[in-house]
Protein chains: 2
Amino acid sequence: MSKAPFTTVINLLRAEALVQERFAGELGSVHGLALNEALLLMHLEKAPLRRLTRVDLAKRLHASPSTVTRMAMPMEKTGLVARQSDPRDARLAYVALTEAGLTLVGEVRKTLERRSAELFRDRWSDAEVGSLGKLLGRITAGELGDLV
Amino acid sequence: MSKAPFTTVINLLRAEALVQERFAGELGSVHGLALNEALLLMHLEKAPLRRLTRVDLAKRLHASPSTVTRMAMPMEKTGLVARQSDPRDARLAYVALTEAGLTLVGEVRKTLERRSAELFRDRWSDAEVGSLGKLLGRITAGELGDLV
DNA sequence: CATAAAAGATTGCGAACGCAAGTAATATGC
DNA sequence: GCATATTACTTGCGTTCGCAATCTTTTATG
């Protein structure tokens, strides 16, 4: 019985923690966003009408619907998202990306792309980065909401 | 300018979230531990005298010292860890693994190994799992506290 | 040797989160 | 057609966490 899967999972947890603390700082000071808020905006950007219901967002963010409700509240106040209702189903409350949100998410994406490149700048070949990304993608294969 | 690094980072975040929600449930119901608590015990297990100061634990867990203080409190009550002081430096308050903690962490490790194997059981070759683990390990290369 | 600086640990405070319960609207079954 | 179940969302409550301030102890500096 090999321990390779266990090692891989442990390394995954550690790598994610490192990335999170590397990215959170600049994301907050430059754009005033938490990492989860940035992901929320990026999911909206990729959604068909640039809007998603709270449960759909929750699934994509691996969060609870209540968390999404509370995350959307301040972002609605600052005008990044807007609340939309569905005329055919009054239960639905879409979180919709506004123009301001669309502008911001573009800048956020640039920041994240630059930071991501820095993460692999030393001692990583393009092939290695690509291979890692591909393997990681297979773990979440089948999930909806591709952010890239 | 390629977007491969960005894609890799996004996939890393998503994969970690998936793993966390896959593992947390069983870890809590079977062993009564959160994932972070399990990692804390495993770090102690690998430490020289099976004990670490709170700041050392904080670095290994990517958490703040105050978080470690608060995490250790209930685990001390349940007898998994014990508080030890250093006769040569009265500032230090070690978190030391007890016999009960040592026993538990062994079972926890078995659970995590089994779950990890399940994660890659379908559609993954041994070589792929090994390659993924190796690449992830390079992200956190240089950090102390190997858990495997 | 005295004073300053640094390090480890703890606590108050506020922010973020999940769960469970509750409300409102739609879907399903007889 | 009406009762029941399901779905979407929200809110109360408790838990967890980081930051900043504080205290104690050790180390550095003059």
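Numbers restart at 1 for each chain; the letters A, B, ... are given by sequence-line order, proteins then strands.
- In this structure, the NE2 atom of B:H62 is 18 Å from the C1' atom of D:dT16, given to the nearest Å.
- For the segment residues 13-25 of chain A, no residue has any heavy atom less than 4.0 angstrom from an atom of DNA chain C.
- For the pair A:T98 (side chain) and A:G101 (backbone), a donor-acceptor distance under 3.5 Å is present.
- At C:dT10, one or more side-chain N or O atoms of B:T69 fall inside 4.0 Å of OP1 or OP2 (strictly under the cut-off).
- Proximity of residues 83-92 of chain B to DNA chain C (heavy atom under 4.0 angstrom from any strand atom) is restricted to B:R83, B:R91, B:L92.
- If A:M71 and B:K59 are placed on DNA chain C by their nearest nucleotide, the residue sitting closer to the 5' end is B:K59.
- Contact check, A:R54 against D:dT10: a side-chain N or O comes under 4.0 Å of OP1 or OP2.
- For the pair B:Y94 OH and C:dT10 P, the interatomic distance rounds to 14 Å; values are reported in whole Å.
- A:M73 is not connected to A:L61 by any chain of hydrophobic side-chain contacts under 4.5 Å among Ile, Leu, Val, Met, Phe, Trp and Tyr, and they are in different clusters.
- By the 4.0 Å N-to-carboxylate-O rule, A:D86 lies too far from A:R88 to be salt-bridged with it.
- The separation between A:M73 atom CE and C:dC17 atom P is 12 Å, rounded to whole Å.
- The side chain of A:P65 approaches D:dT10 more closely than any other nucleotide in the set D:dC13, C:dT11, D:dT10.
- Residue A:S131 holds its OG atom at 12.0 Å from CG of A:D126, rounded to the nearest 0.5 Å.
- Looking at residues 34-47 of chain B, you'll see B:N36 sit with a heavy atom under 4.0 Å from some atom of DNA chain D.
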For residues 35-48 of chain B, dump all side-chain donor-acceptor pairs below 3.5 Å to protein atoms at least two apart in sequence or in another chain.
from	atom 1	to	atom 2	distance (Å)
B:E37	OE1	B:A34	N	2.8
B:E45	OE1	B:R109	NE	3.2
B:E45	OE1	B:R109	NH2	2.5

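- Residue A:S66 places no side-chain atom within donor-acceptor reach of the base of C:dC17, judged by atom type and a 3.5 Å distance cut-off alone.
- Counting only distance, with no hydrogens or angles, the side chain of B:T8 and the backbone of A:V129 share a donor-acceptor pair below 3.5 Å.
- OP1 and OP2 of C:dG8 both lie 4.0 Å or more from every side-chain N or O belonging to B:T53.
- Hydrophobic clustering of Ile, Leu, Val, Met, Phe, Trp and Tyr side chains at less than 4.5 Å, counting indirect connections, unites B:I10 with A:L18.
- A:E76 meets the salt bridge (charged side-chain N to carboxylate O under 4.0 Å, His left out) test with no other residue; sequence neighbours excluded.
- In this structure, CZ of B:R70 is placed 13 Å from C1' of C:dA15, rounded to the nearest angstrom.
- The closest side-chain donor-acceptor pair between A:E143 and A:H62 falls under 3.5 angstrom.
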Show me the donor-acceptor pairs within less than 3.5 Å that the side chains of residues 23-32 of chain A make with the rest of the protein, sequence neighbours left out.
from	atom 1	to	atom 2	distance (Å)
A:E26	OE1	A:R115	NE	3.1
A:E26	OE1	A:R115	NH1	2.9
A:E26	OE2	A:R114	NH2	2.7
A:S29	OG	A:G25	O	3.2
A:S29	OG	A:E26	O	3.4
A:H31	NE2	A:T111	OG1	2.6

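- Contact of the A:L136 side chain with the A:L12 side chain is registered, since non-hydrogen atoms from C-beta on lie closer than 4.5 Å.
- Residue whose closest nucleotide on DNA chain C sits further toward the 5' end, between A:A63 and B:D56: B:D56.
- Atom pair A:M75:CE and C:dA16:C1' shows a separation of 14 Å (rounding to whole Å applied).
- Side-chain heavy atoms closer than 4.5 Å link hydrophobic residues (I, L, V, M, F, W, Y) into clusters, and following such links, even through other members, never connects A:L92 to A:L97.
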